[in-house]
Structures are given as C-alpha cells and as structure tokens.
Amino acid sequence: MPIKGQKPREVVRTELRKFSKGKLHSGSPKGKIVTDRKQAIAIGLSEARKAPGGTRAIPPPPARRRRG
C-alpha cells in the first residue's frame with residue numbers, strides 16, 4: 001500500500017525490495033509469497049497507480065483481448 005506522499009516510482013521500488021527480500025505476498029499478507037519477478041513488477045505498478053499522482057505517472061494496464 002502506498003505511503004502518503006510517496007511517489008509512484010518509490011512505490012514500485014519498495015515493492016521490488018519486498019520481492020528481493022522474500023516478503024512480497026500475492027493478494028493479502030496471508031497469500032502465497034511471490035516468486036516471479038514479472039508478477040512482482042505487476043504488483044508494484046498496480047500499487048503505484050493507487051499512489052497520489054500515480055494515474056498520471058503510470059500508464060493504464062493494456063486492454064485485455066477477448067477470445068471468441
């Protein structure tokens with residue numbers, strides 16, 4: 001969760017530090033520990049979008065294509 005006053009870049013950095021220390025969980029703190037770097041980056045970007053000014057600094061996720 002972004003800390004008040006934290007920039008989106010700093011949010012991503014803290015999430016990746018949690019990943020490298022083995023403290024990053026998927027979902028809630030009771031979820032499984034994240035082992036994939038790409039998933040850690042996705043979590044960091046998602047959290048950065050919630051930070052103040054994050055919607056302007058981080059582009060939205062790509063639209064999902066429907067199979068049909």
Side-chain angles (χ1 to χ4, degrees):
M1 195 71 192
I3 299 169
K4 184 177 179 182
Q6 199 175 25
K7 295 179 182 175
R9 181 187 311 157
E10 295 167 350
V11 174
V12 175
R13 186 177 294 159
T14 56
E15 294 298 319
L16 288 176
R17 283 187 183 146
K18 286 181 189 178
F19 166 71
S20 64
K21 291 181 180 180
K23 305 272 184 190
L24 183 62
H25 295 269
S26 61
S28 68
K30 293 183 180 180
K32 291 186 176 182
I33 295 177
V34 175
T35 57
D36 186 24
R37 183 172 172 81
K38 287 186 179 182
Q39 186 180 4
I41 292 170
I43 292 170
L45 289 174
S46 172
E47 291 293 324
R49 286 186 188 100
K50 296 176 188 174
T55 53
R56 287 181 279 122
I58 309 290
R64 293 187 180 184
R65 292 181 50 185
R66 292 182 64 193
R67 292 185 182 185

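Residue indices begin at 1 and follow the sequence shown.
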Residues that Arg13 engages under side chain to side chain contact (heavy atoms under 4.5 Å, CB included), provided they are two or more places apart: Arg9, Arg17
For the student: nearest non-hydrogen atoms of Thr14 and Val11, plus distance: OG1-O, 2.7 Å
Which atom of Ala48 lies closest to which atom of Pro8, heavy atoms considered: CB-O, 3.6 Å
Side-chain donor/acceptor pairs under 3.5 Å, residues 31-44, sequence neighbours excluded:
none

